[in-house]
Amino acid sequence: MSNKRVYTFGDGKAEGRADMKNLLGGKGANLAEMNLIGVPVPAGFTITTEVCTEYNQKGREAVVELMKAEVEAGIAATEKVMNAKFGSKGEAFPLLLSVRSGARVSMPGMMNTVLNLGMNDDAVKIVAEKSGNEKFAYDSYRRFIHMYGDVVMGVDGEEGEHDPFEMVLDRIKEAKGYDSDADFTAEDLKGIVEEYKAVVKERAGKDFPTDPWEQLWGAICAVFDSWNTPRAILYRQKEQIPEEWGTAVNVQAMVYGNMGETSATGVCFSRDAATGEDQFNGEYLVNAQGEDVVAGVRTPLEITKIGSQRWAERNGTSEADRLAKFPSLEEAMPQLYAELNAVQQKLEDHYSDMQDMEFTVQDGKLWMLQTRNGKRTGAAMVKMAIDMLEEGRIDEKTAVLRQEPNKLDELLHPVFDKEAIAKANVLSKGLPASPGAATGKIVFTADAAEQWAARGEKVILVRRETSPEDLAGMYAAEGILTERGGMTSHAAVVARGMGKCCVSSAAGISVSHTALKIKGVEFKEGDFISLNGTTGEVYEGEVATITPSLDGDFAKIMDLAERHSRMYVRTNADTPADAQTAREFGAKGIGLCRTEHMFFEGDRIWKMREMILAENEEGRKAALAKLLPIQREDFYGILKAMDGFGVTIRLLDPPLHEFTPNDAASQKEMAEKLGVAVEVVKDKVESLHEFNPMLGHRGCRLGNTYPEITEMQARAIIEAACELKKEGFDPKPEIMVPLIGTVKELKMQEEIIRTTAAKVFEEKGMEVDYLVGTMIEIPRAALTADEVAEVAEFFSFGTNDLTQMTFGYSRDDAGKFLPVYIEKGILKQDPFQALDQTGVGQLVEMGCDKGRSARPDLKLGICGEHGGEPSSVEFCHRTGLDYVSCSPFRVPIARLAAAQANLR
Ligand code: ADP
Ligand code: MG
Ligand code: MG
């Protein structure tokens, strides 16, 4: 680490830059950059992320000592630019500070900002005197005690209790008959400050610190401590943010949006974060501090006139009313609006990306407090990239790399079924805070959301407002409905980041811990409700949803992905319908067609059971003959749906006991249906029982003990292909032998397949091209891949089984310990979701290298769940695979990930 721990900025100069995010955090790097490009930013300094790591290793005392001189110099520099004095005793205006966390990426799980730090009984008097605004001075003081008390000293409501500071406010408001916080007089606020101090003393067991330096060190250390709070850890886990990154601390001079009617604060976006529309937008509050907007306590006003008009239309507010009570910033402070509009354009031009900005107006002067590349919905992500590409702001590579593959999911996600929604009863309308459709059962707490979701229920989290404590519940819910909060409230911002449907500030609803009341009607936990996050509508009951269509910008992004990737993407599909869907999503072939699924449908299972019950080869052959036409028809359909593309068909894989019933009633039914005694069925089931079916009689072990099964399946495939070719299609079957560990196992199967194919060709008087290959899913197959490739024309890495066998984890039983392993940090990720590159990955690499050494044109692919997971797709690209294969709805994600891997 470098010796420099503190980077100052202010007055058009800065020691940091935008590209120093790793060291300064996103917020700090951009505060520096804004200074450098001439945007007005209050002076301050950033303590680096490396200091956070140092803090976690060496502890508080040692690190405070190490950075002390630099922090003191940072304060001195800030004092100079702002013409104020930290800990002023009357000689100058007191320097008050904001202390904010700021990791490399924005993290809603981190510490809340502390504003007005440096306030104490001396400072408040000087601020009152020098500003000539006593009310403002004491309002700032009481805000400071509240924030510092909560964030640094841990004074907040106990479980189920209201915030003790809020309780003081509410009590006085009620006693005085005030409508809002704005009605407090300076005298009221003086009293509140004293009461707040008493609250701190009682709850924290010590006095509120009056020494500004003690306050500052307390806040800085609280930021570092917040890196390791449970909610920050949860957020890091969900978003795959490494623990080593650490957070920076930004200490910055305060500017005051609460100085009166010529002051304001707000949040704005250079484009629409929900739809991607190129329309400046945002919200502001007059006479307020930033946290008022974010917390959704007062409902803010729109910044632009057009935004305000759209809001009025949604809300049924008349133009006269709008202008009188809810004017936009554009109308209320036109001069300032023009300045802000110029700054937002400058920032977007500079960063070539949509900016999410925070600003404060102090007595008519505009200050920018933050800018960052804005979070956006999947739809907005795609639209903005294509628009900016077409505007010439970014190139194709940037447009592709700017996509978050997993977010494409939102575009593939359901919307409400038109007919169902036409009949649905609209209960209320709120802000369209995060788009999409969601339906589920009402829950009122984040805990309940998690519990209900864990048992497979779809839930809608209904809250008065949300806070970072609700994060886990928000992840678990299908959608979120809040009583309060604007488009930039916590619920809205976080839901958009998660790609979850959210409706906020719904009209006429009231939410408690146990009930949701909408216009007099009460809904309880477990009642169904539906949300449309795109329009803000809230519906009664469960409303059917459908999948959206894909064209326009989505198609353009997919086209870019196509042109910039080396690997191609196949799909895992067992039915012509799935194959068709995947083809529409751009799949070029099938990487895994599981034939066993075909045996369960309708009365096919009976023919399968007949084969299983057969005493000998003759009996099995007779039963298989009945299955042949059915299988042929299946293969015909799938090969036709994927006409012209390779279709990898896996021979029967699961152990036979999966096809027989376990309970007495079903066994009796089976006996009756197949005309045998119940005992015969029971005996058979018993004989099929295995202690360890995953390692038992399955895969090619079936085909090698019952060759007639392989023979039937090979015949069905080849006959289907011949039929299609005759009809003018171009079938490309690839027959895949599962679960081999030795080349001999494959060799014996290959002989059966080739002999059968030759027979069919002779019978039909025609030939089709086909391949014989194998799945690499047993470590021994990877270790001896050179031998295996002597026979196999292709490998498909079955990374589900390969992961099971390499780790020795049964995937079906891993649920009991994997979550604990991840929580305890034994494993970083679930290896069944993201390919374990260091372990399992070695086997894949070895399989590729050895396989290609024996057969240079060996076709290589992967067909485990990993084929649709971006980090695994990148690994496959690096390893040189020809394709990845994944479930139909992951195909666009995998295509994008493949392009990104190629462009990085
Ligand atoms: P978050 O990361 O949650 O957005 P911030 O650190 O941006 O937290 O701060 C929250 C709010 O505090 C901001 O919206 C901003 O309005 C206000 N704020 C931060 N720094 C200052 C400052 N120097 N002067 C006035 N207000 C500030
Ligand atoms: Mg912020
Ligand atoms: Mg397998």
Side-chain angles (χ1 to χ4, degrees), residues 9-10 24-31 34-35 40-47 78 81-82 84 86 95-119 136 139-140 143-144 146-148 150-151 219-220 222-223 226 231-232 235 247-259 263-269 282-298 300 340 355-363 365-375 466-468 471 486 488-494 497:
F9 55 81
L24 302 180
K27 205 176 279 169
N30 286 333
L31 285 171
M34 283 197 286
N35 263 286
V41 175
F45 55 88
T46 304
I47 306 173
T78 309
V81 176
M82 302 307 288
F86 193 53
L95 175 65
L96 300 186
L97 300 170
S98 100
V99 178
R100 327 159 70 183
S101 61
R104 281 192 211 184
V105 293
S106 140
M107 275 181 57
M110 293 292 299
M111 191 195 88
N112 296 325
T113 298
V114 174
L115 300 179
N116 309 323
L117 187 139
M119 262 298 182
F136 150 70
D139 183 51
S140 302
R143 284 169 186 271
F144 172 53
H146 186 168
M147 279 187 254
Y148 195 93
D150 173 8
V151 171
I220 290 172
V223 172
S226 73
R231 68 187 203 224
Y235 188 80
T247 179
V249 185
N250 297 293
V251 177
Q252 187 185 31
M254 283 298 299
V255 286
Y256 309 96
N258 59 333
M259 250 190 187
S263 298
T265 189
V267 177
C268 56
F269 303 88
E283 295 172 330
Y284 78 106
L285 280 172
V286 170
N287 195 12
Q289 276 194 338
E291 80 273 13
D292 297 339
V293 182
V294 179
V297 179
R298 269 162 70 190
L340 179 65
Q355 295 301 294
D356 166 353
M357 297 153 287
E358 293 172 5
F359 66 93
T360 282
V361 178
Q362 174 179 328
D363 199 14
K365 168 149 177 54
L366 174 68
W367 295 93
M368 299 308 290
L369 299 176
Q370 181 174 347
T371 192
R372 62 180 169 201
N373 295 336
K375 287 197 197 295
T466 65
S467 72
L471 218 56
T488 49
S489 67
H490 177 268
V493 171
V494 173

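Here the structure is a predicted model, which is why all the values come from computation and not from measurement. In listed order, ligands and their atoms are each counted from 1.
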Is N112 touching ligand 1 with its side chain, its backbone, both, or neither, if touching means heavy atoms under 4.0 Å apart? neither
Tell me whether Q289 reaches ligand 1 (any heavy atom closer than 4.0 angstrom to a ligand atom). no
For K27, state whether at least one heavy atom is located under 4.0 Å from any atom of ligand 1. yes
Contact partition for L369 relative to ligand 1, non-hydrogen atoms under 4.0 Å: side chain
Are any side-chain N or O atoms of Q355 and backbone N or O atoms of T371, one a donor and one an acceptor, separated by less than 3.5 Å? no
Quick one: does ligand 1 sit under 4.0 Å from the side chain of M254, the backbone, both or neither, non-hydrogen atoms only? both
With distance as the sole test, does S101 use its side chain to make a donor-acceptor pair with the main-chain N or O of N112 at under 3.5 Å? no
Taking only heavy atoms of S98 into account, list the atoms of ligand 1 that are under 4.0 Å away from them. 19 (C), 20 (N), 21 (C), 22 (C), 23 (N)
Residues that D139 engages under side chain to side chain donor-acceptor pair (under 3.5 Å), provided they are two or more places apart: R142, R143, N258
In ligand 1, the atoms that come under 4.0 Å of a heavy atom of Q252 are 20 (N), 23 (N)
Which atoms of ligand 1 sit under 4.0 Å from any heavy atom of R100? 5 (P), 6 (O), 7 (O), 9 (O), 19 (C), 20 (N)
Applying side-chain contact (heavy atoms from CB on, under 4.5 Å) between L117 and each of L96, V99, L95, report the one that passes. V99
Any side-chain heavy-atom pair of M368 and L340 under 4.5 Å: yes
Taking distance alone, with no angle check, do E358 and ligand 1 share an N/O pair under 3.5 Å? yes
Hydrogens and angles aside, do S263 and D363 bring a side-chain donor and acceptor to less than 3.5 Å of each other? no
Under 3.5 Å, side chain of K27 to main-chain N/O of Q370, donor-acceptor pair present? no
Go through ligand 1 atom by atom and flag the ones less than 4.0 Å from a non-hydrogen atom of A253. 22 (C), 23 (N)
